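Step one of this worksheet: look at the structure below.
Just so it is clear, the structure is predicted and the values come from calculations on it, not from any experiment.
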Amino acid sequence: MNNFIFENGTKVFFGKGCVKEYLACLTKGYGDTVMVACGDDSVKKSRIYDEVVSILNRTGKQIAEFPGITANPTYAEVLEGAKLARKHRAGLLLGVGGGPVMDCCKAISIAARYEGDAWENFWARPGILDFEPLPVEVIVTEAGTGSECSGKAVITNQTLRVKTGRDYPKCNPKFALMDPSYTLSVSKSQMVSGGFDTLSHIMEIYFSGPDEDNVSDDMAQALMGNVIRNLRAAIENPENYTARSNLMWAGTMVENRIIKLGKRTDCQCRQMARQMEAYTDCGHGGGLAVLQPVYYRHIYKDGPGKFKRFAVEVWGISPEGKTDEEIACAGIDALKDFIREIGLPVTLRELGVDENTDLKAIADSCVSVSGGYRRLAHGEIFEIFRECL
């Protein structure tokens with residue numbers, strides 16, 4: 001395994017009823033005002049938001065509300081949130097929602113305590129946090145991104161048409177409250193998209209070196225099997241608590257840095273999906289679902305052993321009577337079939353992106369990322385986009 005340093009500063013409270021049991025005591029010591037951030041109306045319609053506010057009111061906290069965080073949080077939203085946090089002198093930022101809400105809160109935590117240009121100094125390029133960001137706590141309502149146990153914040157700069165993420169350990173939430181029953185507040189399509197996002201994150205780690213025997217790859221294989229099995233179970237019965245809890249914790253395991261240890265990680269396809277979102281505002285899970293099988297068709301010959309292992313160990317492809325290349329391709333086909341099975345798009349047209357979209361501009365805006373089995377040139381990235389139509 002490659003050398004690594006491991007750190008995770010988030011304390012997790014997991015299980016049914018954990019918010020009612022622990023939230024009040026976890027907000028002590030952070031001043032009089034809590035800024036509560038959330039996304040769309042789902043947390044309010046499900047009464048989750050009311051429950052959280054009621055608990056905070058009983059503790060005597062003043063509440064500054066920051067609702068309406070979008071599915072692709074923008075730098076403009078970050079600046080608006082930072083302004084509100086400073087105005088109310090918030091001592092704690094509480095995010096109630098899924099990945100976009102948590103990411104936005106972590107970005108706000110930096111911007112609220114920084115006098116300079118936060119985008120330029122912390123997202124356009126990696127920065128050094130020589131100050132303490134505004135403390136963040138999160139209540140998770142949607143599984144998939146693993147944002148609750150990482151310092152990563154993915155933000156879109158609409159002016160520049162750039163969507164990028166940075167991981168700053170100081171931005172790790174202090175506490176993450178994870179009640180799987182809260183994930184019932186999101187739609188079936190959001191649940192499916194989040195589940196595939198988890199699977200996608202695992203594949204990015206798995207399909208990278210080193211390929212010698214290592215703990216991270218073995219854990220990744222087990223997690224992929226778990227996500228596939230439980231996503232099917234949750235689609236069949238959306239109120240299956242066992243499936244929901246497994247999907248929730250699998251999402252956390254992907255981004256709490258554990259299965260990344262000793263691995264390089266291939267973020268090329270995700271980077272392409274982010275730029276597609278920056279230009280078209282398409283859904284994140286859907287973009288990954290369209291791009292990932294096509295991308296793997298381009299690179300499988302550069303990591304044939306791992307793609308063969310993926311087919312056999314994750315999808316149960318029998319190697320009997322097949323060449324290694326045929327086995328590897330069968331695994332990629334199985335991935336695409338699963339994407340169809342769970343109802344996600346497999347072409348850009350199904351995603352609402354057609355030939356009138358300037359795919360060349362999107363491809364040229366992508367960064368050629370290291371970490372995978374092969375680094376792509378912009379011409380090949382454009383080719384992949386066209387094949388996805």
Side-chain angles (χ1 to χ4, degrees), residues 8 10 12 14 36-43 48-49 66-75 77-78 81 93-110 123 136-156 163-168 171-173 175-180 182-205 227 231 244 247-257 260 267 269-271 273-274 276-278 281-289 344:
N8 195 296
T10 302
V12 174
F14 187 98
V36 182
C38 64
D40 58 25
D41 291 336
S42 62
V43 294
I48 292 173
Y49 189 84
F66 187 60
I69 294 173
T70 58
N72 289 311
T74 66
Y75 184 52
E77 290 174 73
V78 171
L93 181 51
L94 178 63
V96 185
V101 170
M102 293 184 277
D103 283 14
C104 192
C105 284
K106 286 180 277 188
I108 290 170
S109 76
I110 291 177
W123 273 270
V136 174
E137 293 181 13
V138 296
I139 296 173
V140 187
T141 64
E142 182 178 357
T145 67
S147 186
E148 60 274 3
C149 274
S150 84
K152 181 176 284 187
V154 181
I155 301 298
T156 299
K163 181 175 182 178
T164 192
R166 301 292 182 191
D167 188 349
Y168 296 106
C171 290
N172 263 62
F175 304 101
L177 292 158
M178 303 177 64
D179 184 337
Y182 280 15
T183 65
L184 294 171
S185 66
V186 303
S187 67
K188 178 181 175 181
S189 62
Q190 285 177 290
M191 179 198 72
V192 170
S193 180
F196 185 77
D197 193 13
T198 297
L199 182 63
S200 175
H201 275 294
I202 303 169
M203 290 189 293
E204 291 168 354
I205 300 164
V227 171
L231 190 50
R244 292 282 189 159
L247 289 171
M248 192 175 216
W249 188 241
T252 304
M253 282 292 294
V254 175
E255 284 297 316
N256 64 5
R257 307 187 183 100
K260 293 183 177 181
C267 293
C269 193
R270 187 167 298 272
Q271 205 279 329
R274 285 175 180 166
M276 179 71 69
E277 293 160 46
D281 204 32
C282 64
H284 187 58
L288 288 168
L344 287 175

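- For the pair L247 and V227, the minimum side-chain heavy-atom distance is below 4.5 Å.
- Scanning for side chain to side chain donor-acceptor pair (under 3.5 Å) contacts around Q190 gives S187, with sequence neighbours left out.
- C282 places a side-chain heavy atom less than 4.5 Å from the side chain of E277.
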For residues 100-107, please give each side-chain donor-acceptor pair under 3.5 Å, one per line with the distance, not counting sequence neighbours.
unit_1, atom_1, unit_2, atom_2, d
D103, OD1, S147, OG, 2.5
D103, OD2, V154, N, 3.0
K106, NZ, S147, O, 2.7
K106, NZ, S147, OG, 2.7
K106, NZ, S150, O, 2.9
K106, NZ, K152, O, 2.7

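- With R166 contributing its side chain and W123 its backbone, the two residues share a donor-acceptor pair below 3.5 Å.
- To the nearest 0.5 angstrom, M191 atom CE is 10.5 Å from E142 atom CD.
- The shortest non-hydrogen separation linking G285 to F196 is O-CD2, 3.8 Å.
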Query - Worked check of side-chain contact (heavy atoms from CB on, under 4.5 Å) between V136 and I108 - result: CA-CA 9 Å; V136 174; I108 290 170; over 6 Å; no
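- Closest heavy-atom contact between I69 and A37: CD1-CB, 3.8 Å.
- Distance OG1/T145 to CD/E255: 7.5 Å, rounded to 0.5 Å.
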Requested in this report: List the steps and the verdict of side-chain contact (heavy atoms from CB on, under 4.5 Å) for Y182 and M248.
Outcome: CA-CA 10 Å; Y182 280 15; M248 192 175 216; 5.6 Å; no
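- With values rounded to the nearest 0.5 angstrom, T10 atom OG1 is found 9.0 Å from N256 atom CG.
- Between the side chain of E77 and the backbone N or O of T70 there is at least one donor-acceptor pair closer than 3.5 Å.
- N8 contributes atom CG, which lies 5.0 Å from atom SG of C149 (distance to the nearest 0.5 angstrom).
- No side-chain heavy atom of Y49 sits less than 4.5 Å from a side-chain heavy atom of T141.
- A pairwise comparison of heavy atoms in G151 and N172 identifies N-OD1, 2.8 Å as the closest pair.
- Atoms CD1 and CD1, from I48 and I139 in turn, are 9.0 Å apart once rounded to the nearest 0.5 Å.
- Considering every non-hydrogen atom in both L344 and S193, the closest pair reads CD2-CA, 4.4 Å.
- A salt bridge links D197 with R270: at least one charged nitrogen is closer than 4.0 Å to a carboxylate oxygen.
- Separation of atoms CZ (R244) and CG (D179) is listed at 11.5 Å; rounding is to 0.5 Å.
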